[in-house]
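Below you'll find the structure, written out as structure tokens, and then a few comments.
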Amino acid sequence: KYIVMATKNGVIKRTKLTEYDSIRKNSGLLAIVLDEDDDLISVKITDGSDHIVIGTHNGMAIRFSENDVRMMGRVTRGVKAISLREGDYVVGAAVASEGKDLLVVTENGYGKKTDFEEYRAQNRGGIGLKNYNISEKTGNVVSIHSVTEDDDIMITPKPDEIREDEFG
């Protein structure tokens with residue numbers, strides 16, 4: 001098994017799960033080195049032969065084999081997963097598993113579910129494909145998830161966007 005980590009600035013890192021066997025009780029372990037202006041967005045466990053999909057705020061997505069990401073130790077930064085355009089950033093990562101779909105959720109509560117097969121595999125580090133058409137009505141993408149038909153999903157507005165008249 002492997003741990004795949006994705007960051008807001010489009011960096012990805014893959015490490016063997018066994019690297020994290022000896023977590024210190026009081027201090028933990030350093031898992032990834034982040035640039036000063038970067039944040040960890042997603043952590044997934046993979047089997048070594050999965051495909052990863054990275055999604056961005058402006059509706060881009062890239063799919064590539066996890067084997068395109070070389071194995072790294074714990075105290076490393078990672079490599080480029082996706083090239084981001086000005087003002088864009090990564091909102092999530094999903095493991096493309098057979099029988100699952102990619103769910104894209106926008107800031108105004110819209111969602112789109114697409115079979116992973118619709119996303120052709122590319123080389124890691126490219127700009128990807130248009131994944132969602134952003135509009136004023138839908139808003140930008142806020143998250144992506146790997147889902148099945150059996151999953152229960154609830155999308156709720158941000159607390160500051162709930163109006164009293166909606167809920168009595």
Subject >> Close side-chain approach of T138 and N108, heavy atoms under 4.5 Å >> reply: no
**OP:** List in chain and number order the residues that pass side-chain hydrogen bond (donor to acceptor under 3.5 Å, both in side chains) with S143, two or more places apart in sequence or in another chain; answer none if no residue qualifies.
**Re:** H145
**OP:** Taking side chain to side chain contact (heavy atoms under 4.5 Å, CB included) as the test, write out the residues that go with E98, two or more places apart.
**Re:** none
Original post:
If you look at every heavy atom in A61 and N131, which pair is closest and at what distance?
Top reply: CB-CB, 3.6 Å
Original post:
Quick one: hydrophobic cluster around V53, which other residues, with the 4.5 Å side-chain cut-off, linked directly or via members?
Top reply: Y89, V91, L102, V104, Y110, F116, Y119, Y132, I134, V141, I144
Original post:
Do you know the tightest heavy-atom contact between S146 and A94?
Top reply: N-CB, 4.0 Å
**OP:** Applying side chain to side chain contact (heavy atoms under 4.5 Å, CB included), name anything that partners K16, two or more places apart in sequence or on another chain.
**Re:** Y2, T18, E19, M71
Original post:
Do you know which two heavy atoms are closest between H51 and A121, and how far apart they sit?
Top reply: CE1-CB, 3.7 Å
Original post:
For the atom pair CG (D151) and CD1 (I153), what is the distance rounded to the nearest 0.5 Å?
Top reply: 6.0 Å
**OP:** Given side chain to side chain contact (heavy atoms under 4.5 Å, CB included), test I12 with V79 step by step and report yes or no.
**Re:** CA-CA 5 Å; I12 192 163; V79 295; 4.0 Å; yes
Original post:
Looking only at atom types and distance, does a side-chain atom of R124 sit under 3.5 Å from a main-chain N or O of S65, one as donor and one as acceptor?
Top reply: no
What donor-acceptor contacts under 3.5 angstrom involve side-chain atoms of residues 37-44, with partners at least two apart or in another chain?
{"residue": "D37", "atom": "OD1", "partner": "N9", "partner atom": "ND2", "Å": "3.4"}
{"residue": "D38", "atom": "OD1", "partner": "T7", "partner atom": "OG1", "Å": "3.3"}
{"residue": "D38", "atom": "OD1", "partner": "K8", "partner atom": "N", "Å": "3.2"}
{"residue": "D38", "atom": "OD1", "partner": "N9", "partner atom": "N", "Å": "2.9"}
{"residue": "D38", "atom": "OD2", "partner": "T7", "partner atom": "OG1", "Å": "2.7"}

**OP:** Mark yes or no for whether S83, through its side chain, and I127, through its backbone, hold a donor-acceptor pair below 3.5 Å.
**Re:** no
Original post:
Does any pair with a residue in residues 59-84 pass ring-ring contact (aromatic ring centres under 6.0 Å, His included), and if so which ones, sequence neighbours excluded?
Top reply: none
Subject >> With D88 via side-chain hydrogen bond (donor to acceptor under 3.5 Å, both in side chains) - residues at least two apart >> reply: T56
Original post:
Nearest 0.5 Å, what's the CZ-CE distance between R77 and M72?
Top reply: 9.5 Å
Original post:
Where the side chain of K13 meets the backbone of A31, is there a donor-acceptor pair that is under 3.5 Å apart?
Top reply: yes
**OP:** Could you tell me the separation between the NZ atom of K1 and the CD1 atom of I45, rounded to the nearest 0.5 Å?
**Re:** 7.5 Å
Original post:
Partners of N133 by side chain to side chain contact (heavy atoms under 4.5 Å, CB included), sequence neighbours excluded?
Top reply: K130
Original post:
For the atom pair OG1 (T15) and CD1 (I32), what is the distance rounded to the nearest 0.5 Å?
Top reply: 8.0 Å
Subject >> Residue pairs fulfilling salt bridge (charged side-chain N to carboxylate O under 4.0 Å, His left out) with at least one residue in residues 45-71, sequence neighbours excluded >> reply: R14-E66
**OP:** Would you check if the side chain of N67 reaches a backbone N or O of G48 as a donor-acceptor pair within less than 3.5 Å?
**Re:** yes
Original post:
Rounded to the nearest 0.5 Å, how far apart are CG of L129 and CD of E118?
Top reply: 11.0 Å
**OP:** Applying side chain to side chain contact (heavy atoms under 4.5 Å, CB included), name anything that partners E149, two or more places apart in sequence or on another chain.
**Re:** D101, K113
Original post:
Can you list the residues that meet the side-chain hydrogen bond (donor to acceptor under 3.5 Å, both in side chains) rule with S97, with sequence neighbours excluded?
Top reply: none
**OP:** Quick one: list whatever passes side-chain hydrogen bond (donor to acceptor under 3.5 Å, both in side chains) with D21, sequence neighbours left out.
**Re:** none
